Amino acid sequence: MNSHDINDRLPKWFHRANWAGGALACFGIGAFPLIGQETSWAIALWAFFWAIMGLGAARNAKIGKQSIHIPKRLDEKR
């Protein structure tokens, strides 16, 4: 069984929900230090990084990209 077999059996909404949950988590991780603290360059950089990661995950959710990937080197051992 390879990652394509697994992905073909899962509905498209599963992958969208998986990416959307990741996007929300990224935005939360990035926003948390900004709440109730003084901001610094390090905190701003942290928030910017996680916002970019969240935007990427949100884009993948929008296009419905498959969210499960098993690398070929691990797939051959099954």
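These numbers were taken from a predicted model, which means no experiment stands behind them.
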Exercise. Please confirm whether the backbone N or O of Gly64 pairs with a side-chain atom of His15, one donor and one acceptor, at under 3.5 Å?
Key: no
Quiz item: Ala20 and Ala61: which non-hydrogen atoms are nearest, and at how many Å?
Solution: N-CB, 3.7 Å
Self-check item: Straight-line distance of Trp46 CH2 to Leu34 CG, nearest 0.5 Å
Solution: 11.5 Å
Quiz item: Do the side chain of Trp19 and the main chain of Arg59 share a donor and acceptor less than 3.5 angstrom apart?
Solution: no
Quiz prompt | Gap between atom NZ of Lys12 and atom CD of Gln66 - 0.5 Å precision | solution = 8.0 Å
Quiz item: Do the side chains of Leu55 and Phe27 get nearer than 4.5 Å, heavy atoms only?
Solution: yes
Practice problem: Kindly compute the distance separating CG (Leu45) from OG1 (Thr39), expressed to the nearest 0.5 Å. | Solution: 12.5 Å
Exercise. Look up atom CH2 in Trp50 and atom CE in Met53, then write down how far apart they are to the nearest 0.5 Å.
Key: 5.5 Å
Quiz prompt | Least distance between heavy atoms, Ala23 atom then Ala58 atom | solution = CB-N, 3.7 Å
